[in-house]
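Below, read A as the first sequence line, B as the second, and so on, with proteins coming before strands; counting in each chain starts at 1.
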Amino acid sequence: MNKRLPFGLAMVLLFIPCLLLGAFTHYPAFRALQNSFWNNSSSRRPSKFVGVENYQTLLQDDRLAQIMLNSTLYALGTIPLAIGLAIGMALLVNARLPGTSLMRLSFFMPTMLPMIAVANIWLFFYAPGIGLASQILGVFGLPPINFLGSTETSLISMMFVAVWKEAGLFMIFYLAALQAVPENLKDAARLEGASATRIFFNIVLPLLRPTTIFVAVNALINAFRLVDHVIVMTRGGPNNSSALLLYYIYEVTFSQRDFAYGATLTVLMVCLLGVLAAVQYWVLNRKAHYQ
Amino acid sequence: MSAPGISLEVRGLRKSWGPINVLKGVDFDIHAGGFLTLLGPSGCGKSTALKLISGLESVTAGQILLNGQDVTSKAASDRNIGMVFQNYALFPHMSVAENITYGLKVRKVAKSTQQASLKRVAELMALSPLLDRKPAQLSGGQQQRVALARVLVSERPIVLMDEPLSNLDAKLRVEIRSEIRALNKQLGITVLYVTHDQSEALSMSDTVVLMNKGQVAQIGAPKDLYDRPANTFAASFIGTPPMNLLAAKDVVLPDWVASRVTGEQADLLIGVRPEKMHILGDNDDFSATCTIASVEYEGSVFLVHLRTHSGAAFILAHHGPDAPIPGDEIVVGWKNEEAHLFSSGTGLRISSNSK
Ligand SMILES: Nc1ncnc2c1ncn2[C@@H]1O[C@H](COP(=O)(O)OP(=O)(O)OP(=O)(O)O)[C@@H](O)[C@H]1O
Ligand SMILES: [Mg+2]
């Protein structure tokens with residue numbers, strides 16, 4: 001590989017991605033940071049530098065407090081559930097029972113659908129009275145629940161949608177990892193008298209840890225990144241009970257057109273994600289085994 | 001810690017995966033404390049045999065008896081068999097100590113007993129300074145010793161080993177070979193060993209089971225296999241280089257053989273080991289005229305590649321001080337007691353020779 005590109009061409013090829021990255025990632029990020037220290041401009045009043053005023057507003061925002069609580073519950077609920085379900089499905093598919101390819105396809109299907117479509121399917125599912133969920137409750141003689149319309153159930157309903165959509169993708173990662181676990185390690189444990197459950201927890205699960213780190217970080221990011229279903233199904237309601245941070249940013253910025261406060265919230269979210277990912281990586285990585 | 005070994009008997013062992021018959025009826029037995037090796041080319045079913053005996057795979061037909069008791073339908077964990085896997089199968093996320101004591105932990109052996117056994121085995125295998133390392137931080141030889149330690153600590157009366165030395169360099173291989181042999185002798189553990197390396201098999205075992213395509217080609221002491229190969233497969237597998245097999249028409253035969261083959265000459269192969277023949281002396285019984293195709297220098301011997309007039313190739317191990325010269329025509333000869341006769345049709349040894 002001693003062939004070298006002509007210097008000019010190399011520069012052009014370097015410049016194009018740098019330009020795209022700069023224009024669509026770094027510049028907006030920088031502007032968001034900058035905007036968060038200025039107040040919102042309007043036709044009557046030009047924007048001016050306000051220091052940390054926006055951040056003071058943020059600390060006193062009661063709605064934000066509620067939304068942060070929602071987001072925390074949402075992440076804590078969806079991430080372990082999606083991971084657990086993904087491992088379970090991967091084990092099932094990996095067991096080489098008859099009908100596995102059909103099973104694999106059906107587990108993976110939700111992942112291939114766009115979130116908007118998923119949200120629409122689940123709207124039907126949750127529809128009070130006529131939806132499948134209510135009908136199932138009816139079979140057990142329970143009264144129908146207005147899943148999306150009551151403050152107690154709306155967030156949990158959103159969580160189920162997210163888990164349903166995400167677990168299939170995570171399953172694929174776990175399936176690949178499971179197939180890479182050497183058979184003779186399991187054989188060795190079996191000869192030592194370990195039960196199947198024991199082999200799973202002592203041998204297989206530790207070897208899946210790198211996959212779990214990867215999946216957990218992705219699940220965390222998705223927990224903050226995916227809000228399409230909230231927009232389609234509840235618009236954060238009722239009474240903010242299903243609003244998530246990104247949905248709030250969307251609302252503040254594009255409905256209320258408060259760009260300054262929107263930028264401040266964005267800075268908050270980016271910092272939060274960075275810290276969470278670092279902590280998560282550190283915690284899981286301490287015990288991970290890569291060789 | 002000596003766990004006196006127990007005997008193993010394998011009767012009519014068969015294994016098929018769908019239409020593929022991997023083992024086609026294998027029989028052998030090891031006495032308590034014995035060292036038996038399954039030897040054979042790659043794919044002949046050696047690992048499959050171990051898997052059946054250990055219970056990791058179910059048999060298609062046949063019986064496995066441990067200490068006289070039929071264990072064919074018992075679960076792997078109930079057979080009390082230890083196994084050293086090809087590539088060791090060490091748990092990569094556990095330390096050396098955890099690897100060694102894993103089985104004891106599973107079987108809920110008391111912590112203090114675990115530590116005592118660990119200490120004893122670690123000393124025996126010279127692993128004491130390495131107990132906190134992960135397998136990835138060990139050399140191949142050290143990993144091998146951990147695998148042995150893991151089997152020893154569980155004090156099984158019988159241990160199966162699947163090509164345990166295949167990943168080691170030549171020097172280490174010889175070292176660990178004698179370690180394994182010593183363990184067998186000192187502790188009295190019965191060992192069933194698998195290898196495709198004949199020098200390993202011949203040097204370590206009491207008994208060798210030579211396998212070919214899922215069947216037993218020959219069972220015997222190492223010396224039997226070398227001295228009296230039962231068929232052309234055994235003849236051409238054992239020995240480096242293996243035995244030469246020549247058609248009767250390429251060889252000048254002594255009378256006692258010539259009289260036997262008149263009329264059915266095509267059904268005779270003459271076998272002779274390269275190191276047991278020489279450039280013709282006076283009192284040889286067999287001889288063959290041939291040309292020297294090429295010469296390889298091997299340190300202690302010259303391997304002389306020869307070609308008979310009909311074009312058959314064979315090898316002579318020549319110990320002389322001077323190298324034979326390619327292109328020369330020579331006559332090689334050997335004595336009656338070095339000749340092995342085989343039927344070229346069935347490949348079986350013709351037993352009634354003059355030996
Ligand atoms: N699970 C399986 N399904 C189908 N065929 C198998 C299976 N396991 C092994 N075989 C076949 O059985 C034959 C014997 O395999 P085995 O692993 O016992 O060979 P081996 O003698 O141990 O060879 P090697 O020296 O290469 O390890 C091979 O042809 C292999 O392809
Ligand atoms: Mg094998």
Mind checking the [atom1]-[atom2] spacing from [X] to [Y]? Nearest 0.5 Å is all I need.
X        : Y        : atom1 : atom2 : answer
B:Phe85  : A:Glu183 : CZ    : CD    : 10.5 Å
B:Lys105 : A:Glu192 : NZ    : CD    : 11.5 Å
A:Ile203 : B:Met94  : CD1   : CE    : 4.0 Å
B:Tyr102 : A:Asn202 : OH    : CG    : 3.5 Å
A:Leu191 : B:Leu56  : CG    : CG    : 4.5 Å

Notebook entry, point to check: chain A heavy atoms under 4.5 Å from B:Arg79: which part of the residue, side chain, backbone, both or neither?
Noted result: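 Contact with chain A: none, neither part.
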Margin query: Between B:Leu90 and chain A, with a heavy-atom cut-off of 4.5 Å, which part of the residue counts as in contact: side chain, backbone, both or neither?
Written below: backbone
[X] atom [atom1], over 12 foreign heavy atoms within 6.0 Å:
X        : atom1 : value
A:Met112 : CE    : yes
B:Lys185 : NZ    : yes
B:Gln69  : CD    : no
A:Leu113 : CG    : yes
A:Phe108 : CZ    : yes
B:Asp78  : CG    : yes
B:Lys15  : NZ    : yes

Can you see which heavy atom on [X] is nearest to which on [Y], and at what distance?
X        : Y        : answer
B:Arg150 : A:Ala188 : NH2-CB, 3.9 Å
B:Pro92  : A:Leu185 : CD-CD1, 3.7 Å
B:Ser77  : A:Gly193 : CB-CA, 3.5 Å

